[in-house]
> 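Take a look at the following structure, please.
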Amino acid sequence: VYGISAFGLSKEIETTPAEAQRYIDAYFANMPEVKAYMDATINFARQNGYVVTPFNRKITIFGIQDNNKRLASFAERAAINAPIQGGAADIIKLAMNKIAASLAETGLKTRMLLQVHDELVFEAPLDEVETAAALIKREMENITGIDLKVPLIADVGIGDNWGKAHKKCLSLKQPANSRLTLAKQGALKYLSLKQSANNRLTLVKQDALKYPSLKQPASAPTTGTRHT
């Protein structure tokens, strides 16, 4: 509910603004660190015109001093969100660089195809799927340069196309390496890895071929992985 008004929340959950306000108040009473983060981030943005991600990358915030309350409120919400989503973006980019270097170093034929938000899609030969999945998962779970209070977890999904690999990845409730299953048909498979931190983290809420997609998983196997 962070950043939403009582009126906006009342429309979403179909209740009165007064009831919605009580919900918001109870939320912040139970999670005072969230409110403290929001207030501190807004004040910092007002004073400096930007916010920073956990990796100290600056993100300019336009309009936070605007006399138009609607524009200023939008800028405040952007300021609150930018360090979180910006931090997640930093993490996935660092993971991509690490994975690219590791794939080249090991001589694997697995290819990184594309990024889908916090998910990466790979194409991997059938005989490399398990090796590639383990390598990608390891690199995504070991990002340096930030002191996270919770671990980054990469979930893996494999399928004959990205859609199947993605669905397998989303259905996993625990790290996937112990339950990784490979489709045995086809020249190609899709491997999907999904990575998440912990939704209680204050700042970063962060086959001839197989596809690993990470989220950060393709009818070559696809892999997907996500950072949350």
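One-based numbering along the sequence shown. Just so it is clear, the values below take in all heavy atoms, side chains as well, and ignore hydrogens, waters and symmetry mates.
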> Can you check whether Val52 reaches Ile59 side chain to side chain, under 4.5 Å on heavy atoms?
no

> Do you know which two heavy atoms are closest between Ala75 and Gly63, and how far apart they sit?
CB-C, 3.7 Å

> Flag the pair Leu94 / Phe55 as yes when at least one side-chain heavy-atom distance between them is below 4.5 Å, and no otherwise.
yes

> Just by modelled atom types, is the Arg70 backbone N or O under 3.5 Å from a matching donor or acceptor in the Ser73 side chain?
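No; zero donor-acceptor contacts below 3.5 Å.
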
> Atom CZ in Phe62, atom OG1 in Thr60: separation rounded to 0.5 Å?
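It comes to 5.0 Å.
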
> State, yes or no, whether a side-chain contact exists between Thr15 and Ser10 at a heavy-atom distance under 4.5 Å.
yes

> Can you name the nearest heavy-atom pair linking Glu141 to Leu152, along with the distance?
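Closest heavy-atom pair between Glu141 and Leu152: CG-O, 3.3 Å.
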
> Decide yes or no for Glu12 and Ile4: does some side-chain heavy atom of the first lie under 4.5 Å from some side-chain heavy atom of the second?
yes

> Shortest non-hydrogen contact from Ile64 to Ala79?
CD1-CB, 4.4 Å

> Leu9 and Tyr27: same hydrophobic cluster, using ILVMFWY side-chain contacts below 4.5 Å?
yes

> Check whether any side-chain heavy atom of Ile143 sits under 4.5 Å from a side-chain heavy atom of Lys98, and report yes or no.
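In contact.
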
> Roughly how far, to the nearest 0.5 Å, is CE of Met96 from CG of Leu114?
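Going from the CG atom of Leu114 to the CE atom of Met96 covers 8.5 Å.
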
> Could you tell me whether the side chain of Phe28 reaches within less than 4.5 Å of the side chain of Met38, counting heavy atoms only?
yes

> Using modelled atom types and a 3.5 Å cut-off, is there a donor and acceptor pairing between side-chain atoms of Arg57 and backbone atoms of Gly86?
yes

> If you measure from OG1 on Thr41 to CD1 on Ile80, what distance do you get to the nearest 0.5 Å?
7.0 Å

> Please check if any side-chain donor atom of Gln21 sits under 3.5 Å from a side-chain acceptor atom of Asp25, or the reverse.
yes

> How far does CD of Gln47 sit from CD1 of Ile42, to the nearest 0.5 angstrom?
12.0 Å

> So Ile136 and Met112, side chain to side chain contact (heavy atoms under 4.5 Å, CB included) or not? Walk me through it.
CA-CA 10 Å; Ile136 295 166; Met112 189 187 310; over 6 Å; no

> Side chains of Asn81 and Arg77: does their closest heavy-atom pair fall under 4.5 Å?
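Side chain of Asn81 against side chain of Arg77, heavy atoms only: no contact under 4.5 Å found.
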
> Does CG belonging to Asn68 count more than 12 external heavy atoms closer than 6.0 Å?
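Buried by this count: over 12 neighbours within 6.0 Å.
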
> A quick test of your reading: do over 12 heavy atoms of other residues, nucleotides or ligands sit less than 6.0 Å from CZ of Phe44?
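Atom CZ in Phe44 is packed in, count exceeds 12.
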
> Side-chain contact, heavy-atom cut-off 4.5 Å: Asp39 with Tyr37?
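Asp39 vs Tyr37: side chains apart.
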
> Would you give the length of the straight line joining atom CD of Glu128 to atom CG of Leu108, rounded to the nearest 0.5 angstrom?
4.5 Å

> Calculate, to the nearest 0.5 Å, the distance between atoms NZ and CG belonging to Lys58 and Asn48 respectively.
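If we round to the nearest 0.5 Å, Lys58:NZ and Asn48:CG are 8.0 Å apart.
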
> Measure across Pro83 and Pro54 and return the closest heavy-atom pair with its distance rounded to 0.1 Å.
O-CD, 3.4 Å

